[in-house]
There are 2 protein chains.
Amino acid sequence: MGDDPHRPRRTKKEPVSLCLPMGLDEADMQRLDQIIGRRRRIKRDQSLYRMGDRFDMLYAIRLGHFKTYQVNSNGSQQITGFQMAGELLGMDAIGTSRHQCEAVALEDSEVCEIPFSQLEELFQDMPVLLRQFHRIMSKEISREQGVMLTLNSMSAQQKLAAFLVNLSSRYATRGYSASRFQLRMTREEIGNYLGLAVESVSRLLSNLKKNGVIDVSHRDLELLDLPTLRSIALGADPCS
Amino acid sequence: MGDDPHRPRRTKKEPVSLCLPMGLDEADMQRLDQIIGRRRRIKRDQSLYRMGDRFDMLYAIRLGHFKTYQVNSNGSQQITGFQMAGELLGMDAIGTSRHQCEAVALEDSEVCEIPFSQLEELFQDMPVLLRQFHRIMSKEISREQGVMLTLNSMSAQQKLAAFLVNLSSRYATRGYSASRFQLRMTREEIGNYLGLAVESVSRLLSNLKKNGVIDVSHRDLELLDLPTLRSIALGADPCS
DNA sequence: CGTTCACTTGAATGGGATCAAACTGTGTGG
DNA sequence: CCACACAGTTTGATCCCATTCAAGTGAACG
């Protein structure tokens with residue numbers, strides 16, 4: 001699969017998270033930068049926060065990947081999402097002041113702490129920042145609705161295709177290759193997230209590979225035919 | 001099933017939607033009231049907004065019930081949620097300035113229009129209102145994550161039980177009976193939402209009734225054994 | 001070099017979908 | 001008033017996809 005496809009294409013300097021400061025002028029940008037707290041390194045399998053932890057920080061992922069999951073009353077855990085560099089972590093906790101899920105690093109990662117109370121103070125002076133923040137939260141809502149809800153009524157193949165397409169487009173918007181990346185999570189984690197058995201995930205990946213839609217070897221993934229993958233996600237062409 | 005269980009127990013006057021003005025003082029309350037636009041009546045099966053419509057209003061449901069759904073590229077529609085009086089509608093659109101889904105009244109209903117730009121102006125002066133708004137959006141995120149994502153890996157029986165428990169608790173927080181209410185949606189709509197066939201929904205309801213967990217006749221529903229229903233939702237006791 | 005963890009592949013089972021048919025309440029028009 | 005149409009619902013029989021159980025492969029690491 002060749003050299004690392006994970007180097008961003010973008011060269012522009014980014015003082016903070018990809019999305020939050022969009023549309024801010026220099027002065028505002030600096031004010032935002034000032035409240036961005038210390039960087040924190042999270043080693044693989046360490047948790048950034050746990051369920052029930054008091055909420056006072058949002059986290060901008062600088063480097064690496066995370067998963068978030070809830071633990072049901074019966075003890076089983078349900079992965080609620082995978083987050084990548086450039087995304088914001090912790091918004092689910094704003095409602096209750098307590099974290100609703102646990103965030104664990106899938107690899108050695110790095111985040112910036114954003115004290116939420118200070119962010120709220122900035123909102124009072126910087127409508128543009130507030131608007132951008134609302135935009136992000138709103139997108140989070142439709143992401144769940146759009147991607148996740150429809151999973152419910154999808155076949156296993158559709159689910160997996162939709163998952164890959166979703167990853168692809170998120171990498172793309174962050175300046176990485178849309179067609180070539182590493183899966184940072186295990187097959188089991190994918191299965192847990194999508195509501196599939198590990199074996200099904202494995203079988204489906206093999207099948208897509210056999211049909212020339214993707215190439216996959218361990219965690220290395222290449223989307224050979226994104227249009228077809230998209231159409232599979234939409235329910236067409238079971239691809240034999 | 002006797003007389004209407006849908007009269008709220010609460011007697012306190014509520015100038016606007018249940019949740020938004022929580023914690024505001026009288027003066028702020030009045031300012032909020034002033035931007036609440038005209039009431040709009042939506043007859044059954046009419047849509048409040050359609051996919052792609054420009055977003056400039058949030059809607060507080062005063063009366064009635066709605067469903068929201070997306071139309072997939074393949075033409076099929078996927079119900080993304082059911083909303084009841086006291087809930088806020090339209091937040092998914094903030095991110096893109098376009099509505100991501102269509103909202104249709106399940107019965108003759110009434111909403112208040114809340115011009116979002118004016119709400120944003122209020123945010124600048126009223127941190128408490130802003131905080132409350134963030135709380136609602138955040139809850140919306142965890143609702144999706146919590147309820148919907150876990151649906152994915154649930155059995156049909158669990159899904160339906162979880163759905164009923166969810167409705168129950170939402171009615172409860174809004175002052176209605178937690179154990180007795182009408183289903184405002186068809187079996188087909190429930191099935192669409194949960195990713196089940198109509199026949200399955202019907203069968204499962206019959207089964208729960210046979211086992212004395214619920215009583216159901218047409219749209220009239222009574223939850224006879226809420227604890228058991230909860231435990232079914234969590235994956236215990238398949239109830240024969 | 002052997003243990004371990006993640007993954008793959010095969011065969012059998014079962015839950016929910018699908019197909020088919022009957023039933024119910026509601027509204028409509030004669 | 002009844003006859004009819006119709007949409008929503010229920011119930012039964014069959015089928016199929018995804019899970020489960022089981023076994024095996026392969027890379028990573030001490």
Side-chain angles (χ1 to χ4, degrees), chain A residues 1 44-45 65 67 76 78-79 106-108 151-164 182-211 214-221 232 235-240, chain B residues 1 43-45 67 76 78-79 104 106-108 151-164 182-211 214-221 232 235 237-240:
Chain A
M1 293 242 151
R44 195 189 145 165
D45 292 332
H65 287 72
K67 68 174 171 182
S76 69
Q78 169 66 52
I79 295 178
L106 293 174
E107 61 191 313
D108 293 0
L151 278 188
N152 225 346
S153 46
M154 278 170 153
S155 73
Q157 198 180 38
Q158 280 180 276
K159 286 184 188 179
L160 189 69
F163 174 70
L164 296 179
Q182 277 189 5
L183 296 170
R184 298 328 234 268
M185 63 298 286
T186 68
R187 307 285 194 267
E188 179 158 20
E189 286 165 333
I190 296 176
N192 180 305
Y193 178 62
L194 296 178
L196 297 175
V198 199
E199 297 94 327
S200 296
V201 174
S202 179
R203 259 184 265 272
L204 291 162
L205 283 172
S206 301
N207 195 40
L208 287 174
K209 180 177 180 178
K210 201 180 68 189
N211 288 106
I214 67 173
D215 189 16
V216 61
S217 156
H218 309 287
R219 303 286 180 89
D220 295 317
L221 184 69
I232 291 175
D237 180 20
C239 208
S240 85
Chain B
M1 293 243 149
K43 293 201 84 64
R44 196 190 145 163
D45 292 332
K67 67 173 171 182
S76 69
Q78 169 65 52
I79 295 177
V104 169
L106 293 175
E107 62 191 313
D108 293 1
L151 276 188
N152 224 348
S153 46
M154 278 171 153
S155 72
Q157 197 180 38
Q158 280 180 276
K159 286 184 189 180
L160 189 68
F163 173 70
L164 296 180
Q182 275 189 5
L183 296 170
R184 299 325 236 266
M185 63 297 285
T186 68
R187 307 284 194 267
E188 180 159 20
E189 286 165 335
I190 296 175
N192 180 305
Y193 178 63
L194 296 178
L196 298 174
V198 199
E199 296 94 326
S200 296
V201 174
S202 180
R203 261 184 264 273
L204 290 162
L205 283 173
S206 301
N207 196 40
L208 286 174
K209 181 177 178 177
K210 201 179 68 190
N211 288 104
I214 67 172
D215 190 15
V216 60
S217 156
H218 310 288
R219 302 286 181 90
D220 295 316
L221 183 69
I232 291 175
D237 179 20
C239 206
S240 85

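Below, chain A is the first sequence line, B the second, and so on; all start at residue 1. Hydrogens, waters and symmetry mates are skipped; everything else that's a heavy atom, side chains included, is used.
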Estimated bend of the helix from dC1(C)-dG30(D) to dG30(C)-dC1(D) (axis per five terminal pairs, rounded to 10 degrees):
30°

Quick one: how far along DNA chain D does chain B reach, first to last nucleotide 5' to 3', anything under 4.0 Å to a heavy atom?
dT9(D) to dA13(D)

side-chain contact (heavy atoms from CB on, under 4.5 Å) partner of Asn211(B), chosen from Ile214(B), Asn207(B), Leu208(B)
Asn207(B)

Set of side chain to side chain contact (heavy atoms under 4.5 Å, CB included) partners for Glu189(B), sequence neighbours left out
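Side chain to side chain contact (heavy atoms under 4.5 Å, CB included) list for Glu189(B), sorted by chain: Lys67(B), Ile79(B), Phe82(B), Leu106(B), Met185(B), Thr186(B).
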
Of all the heavy-atom pairs spanning [X] and [Y], show the shortest one and how long it is.
X         : Y         : answer
Asp215(A) : Lys209(A) : OD1-CE, 3.5 Å
Leu196(B) : Ala156(B) : CD2-CB, 3.6 Å
Ala161(B) : Ile232(B) : CB-CG2, 3.7 Å
Ile190(B) : Leu183(B) : CD1-CD1, 4.3 Å

Give every pair of a protein N or O atom and an N or O atom of nucleotides 3-6 of chain C that lie under 3.5 Å apart, one pair per line with the distance.
none

For nucleotides 14-27 of chain C, just jot down a letter per nucleotide in 5' to 3' order: B, S or -, based on protein non-hydrogen atoms under 4.0 Å.
--SSBB-----S--

Using atom types as modelled and distance alone, determine if a side-chain donor or acceptor of Gln182(B) lies under 3.5 Å from a backbone N or O of Leu221(B).
no

Quick one: does any side-chain atom of Ser155(A) pair with a main-chain N or O of Gln158(A) as donor and acceptor, under 3.5 Å?
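Answer holds: yes.
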
Arg44(B) atom CZ, over 12 foreign heavy atoms within 6.0 Å
no

Please tell me if the side chains of Lys159(B) and Leu204(B) come closer than 4.5 Å, counting only heavy atoms from C-beta onward.
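Not touching, per the 4.5 Å side-chain cut-off.
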
Among residues at least two apart in sequence or on other chains, which ones pass side chain to side chain donor-acceptor pair (under 3.5 Å) with Ser76(A)?
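With neighbours one apart ignored, the set is Asn72(A), Asn74(A).
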
Sequence neighbours left out, what passes side chain to side chain donor-acceptor pair (under 3.5 Å) with Glu107(B)? Give chain and number order.
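Testing Glu107(B) for side chain to side chain donor-acceptor pair (under 3.5 Å), a comparison that skips the adjacent residues, returns His65(B), Arg184(B).
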
